[in-house]
Amino acid sequence: MGAVVGVVANPASGRDIRRLVAQASVFPTAEKANMVRRLLSAFAATGVERAVLSTDLGGISAAVLRTLRTRRPGKEAPWPDVEFCDDVTLTGTADDTTEAVRRMRAEGAGLIVCLGGDGTARVAAAACGDVPLLALSTGTNNAFPRMREATVAGLAGGLVATGAVPPETGTRTASLLEVTAGGRTEVALVDVCVSTSRHVASRALWDPATLTALFCTFAEPDGIGLSSIAGQLCPSPRESQDGVALTFAPPHRARWVVHAPIAPGLVLPVGVRAWRPLRVGEHVALPAGGGVVAVDGERELELTGDTPVSVRLRADGPRCVDVPAVLAESARRGLLRTELTPCQRWRRREEAETA
Amino acid sequence: MTDTLSTGVTRELDENALLDAYRTMRTIRAFEERLHDEFATGEIPGFVHLYAGEEASATGVCTHLDDRDSIASTHRGHGHCIAKGVDVKAMMAEIYGRRTGSCHGKGGSMHIADLSKGMLGANGIVGGGPPLICGAALAAKQQRTGGVGVAFFGDGASNQGTTLEALNLASVWNLPAIFVAENNGYAEATASTWSVAADNIADRAAGFGMPGVIVDGFDFFAVYEAAGEAIERAREGGGPTLIEVKFTRYFGHFEGDQQTYRASEVANARENLDCLKRFRSRVTETGQVEAAKLDAVDAQVADLVDAAVDEAKAAPKPTAADLETDVYVSY
């Protein structure tokens with residue numbers, strides 16, 4: 001059986017309140033569909049035979065289907081065989097991503113590509129198991145998914161899916177945070193943040209005054225979102241299994257005041273009382289005090305006054321495609337190039353002239 | 001760099017404010033469910049389009065408004081009227097076509113208006129509200145009242161030229177206007193996923209140079225938070241915002257609609273997403289409001305709606321002589 005890949009694109013990513021309270025970008029559906037098209041061309045170039053695409057009511061799958069029906073064979077680059085998860089009952093919630101990924105795994109996908117922000121990647125990661133994940137940014141806050149050209153990312157993903165580049169070379173296992181409160185457990189790929197906000201409401205967090213504690217799987221100096229606070233104070237590279245833990249304080253009482261890009265266009269002073277490395281496997285129990293817990297920047301769990309919260313850093317997160325590493329290996333081994341002997345060159349020239 | 005800048009605004013509602021919001025949502029629900037029953041008796045003239053299921057939108061927005069502010073509504077306007085403070089008994093009398101009604105019984109469900117409350121009217125014209133609100137917002141801006149105009153409209157109206165022109169005008173004139181697109185999935189029987197080419201109504205905001213956001217229309221707190229940010233921005237001269245709230249209407253497009261175009265989403269919404277159930281569980285679990293106080297509101301609202309129906313039925317109808325009153329308005 002030839003290589004199969006799955007592509008799940010979130011129609012709702014890049015639409016939340018951060019377009020109002022910050023200057024987050026709008027990622028149009030047309031561009032998400034274009035990215036899927038570019039991925040398909042790249043997959044075909046690497047020998048992927050079949051692509052399973054998610055469906056949605058936002059217009060992404062409809063646009064790709066339209067292209068599928070109007071493409072001109074021979075004039076446009078080939079695509080793999082395309083199938084849609086069209087028997088999935090859409091709910092307009094994150095469950096659609098979970099269900100699509102489940103179908104793709106059942107179809108034998110050797111790669112899951114997800115288009116969205118941190119929130120979409122989090123949901124896809126929780127569902128993709130051992131299948132390599134390639135998260136591309138089309139959302140608001142993109143600390144985990146990378147901003148990458150989809151053709152290039154698709155080439156790397158295709159080389160992993162076909163086995164041309166082995167997983168030990170082309171993928172990297174990410175850490176993740178597991179947070180439990182009130183009988184519910186959620187995972188986060190980037191950060192878990194406790195806030196004094198009472199309600200999930202519009203989900204995003206953008207008011208530093210409400211933050212009390214932050215846990216990060218990684219913290220990059222050039223990151224965006226809450227992890228950028230740690231990124232400018234106590235960076236922790238993505239390649240390290242360990243993370244960091246911070247506690248906040250009002251800027252006038254804090255030991256450090258970090259000017260961090262906590263949302264697109266929103267660089268705010270954030271007071272940090274203390275920080276320390278967070279080791280893999282370490283459990284941190286937080287005292288009950290109400291508020292909400294946000295995962296990857298979105299409020300998710302509402303706490304009552306007597307709900308304790310526990311956080312644990314795990315090393316067994318998703319296996320992520322390392323695009324530069326895959327393409328460097330490809331270049332080293334010549335996977336995307338062919339060298340012709342003088343005899344082959346002569347034969348090709350003859351064929352071209354005859355044609 | 002400054003250490004004092006903070007754009008975040010924490011809007012914690014105290015117990016009384018939470019009870020007020022709950023009372024508004026409960027009043028809308030009880031009002032509409034009662035109308036659903038009463039309409040079946042044949043006593044109510046004309047059409048009624050019920051707002052049940054959508055209460056968090058009107059309430060989450062109007063909780064931020066005061067006497068300086070105006071709203072424009074739709075054919076599905078009862079919820080907006082109640083949330084803006086229009087008298088519930090006068091509304092019921094209007095729907096029954098009685099002289100004691102908000103418009104003396106001459107307008108009915110689709111034309112309830114109360115300018116004293118800044119309620120510019122329910123509106124039988126799809127897409128009729130947004131241009132009106134540009135006028136109200138321009139007046140507020142010129143007179144420096146600090147007021148805002150809020151236009152509620154549906155997914156069908158989002159495709160109307162009037163709405164698109166109003167979005168453009170509001171942006172060009174930097175008006176204190178908020179456009180609330182109430183996307184309940186269907187314009188009458190036409191699915192918005194088919195009829196709205198931009199997929200999300202909020203996406204259209206970018207083309208008019210204003211922020212566009214999507215919020216969960218079943219969640220009072222989500223609407224309240226987004227509307228609060230947008231209204232504060234408008235009051236401070238920041239210009240218009242488009243907010244798309246997504247939810248499901250519990251009843252048909254109009255009373256009598258057979259609803260052959262939609263399947264099981266209503267049962268799921270009532271069971272799992274309902275704004276009143278979610279509000280109640282959240283504020284009681286967090287200890288902000290005792291359940292007994294919410295129960296008391298339920299009882300008071302039920303009494304109010306009973307009385308509104310009884311009084312409406314007993315009230316006189318307009319006479320032939322009333323035809324010649326309220327025809328012209330002097331400025």
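Letters go in sequence order (proteins before strands), and every chain restarts at 1.
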Discussion item. Over 60° means perpendicular and under 30° means parallel, so tell me whether Tyr224(B) and His64(B) are parallel, tilted or perpendicular.
Written reply: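 Ring orientation, 0 to 90° scale: parallel.
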Item to complete: Classify the ring geometry between Tyr51(B) and Phe247(B) as parallel (under 30°), tilted (30 to 60°) or perpendicular (over 60°).
Response: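 Ring orientation, 0 to 90° scale: perpendicular.
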Taking every non-hydrogen pair under 4.5 Å, which of [options] racks up the most with chain B?
options: Arg299(A), Arg18(A), Arg203(A); result: Arg299(A)
options: Asp306(A), Leu20(A), Ile17(A); result: Leu20(A)
options: Arg19(A), His199(A), His252(A), Glu302(A); result: His199(A)

More than 12 heavy atoms of other groups within 6.0 Å of [X] [atom1]:
X: Arg255(A); atom1: CZ; answer: no
X: Trp173(B); atom1: CH2; answer: no
X: Glu265(B); atom1: CD; answer: yes

Identify which part of [X] has an atom lying under 4.5 Å from any heavy atom of chain B, answering side chain, backbone, both or neither.
X: Leu303(A); answer: backbone
X: Pro28(A); answer: neither
X: Thr196(A); answer: backbone

Need one label for [X]: side chain, backbone, both or neither, based on atoms under 4.5 Å from any heavy atom in chain A.
X: Asp216(B); result: neither
X: Thr286(B); result: both
X: Ala226(B); result: both
X: Glu244(B); result: neither

Worksheet item: Quick check: does any side chain N or O of Glu54(B) sit under 3.5 Å from a backbone N or O of Ala52(B), one acting as donor and the other as acceptor?
Response: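 No.
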Practice prompt. Verify salt bridge (charged side-chain N to carboxylate O under 4.0 Å, His left out) between Glu99(A) and Arg102(A), making sure each step is shown before the conclusion.
Written response: CA-CA 5 Å; Glu99(A) 185 56 27; Arg102(A) 198 181 343 241; 3.2 Å; yes
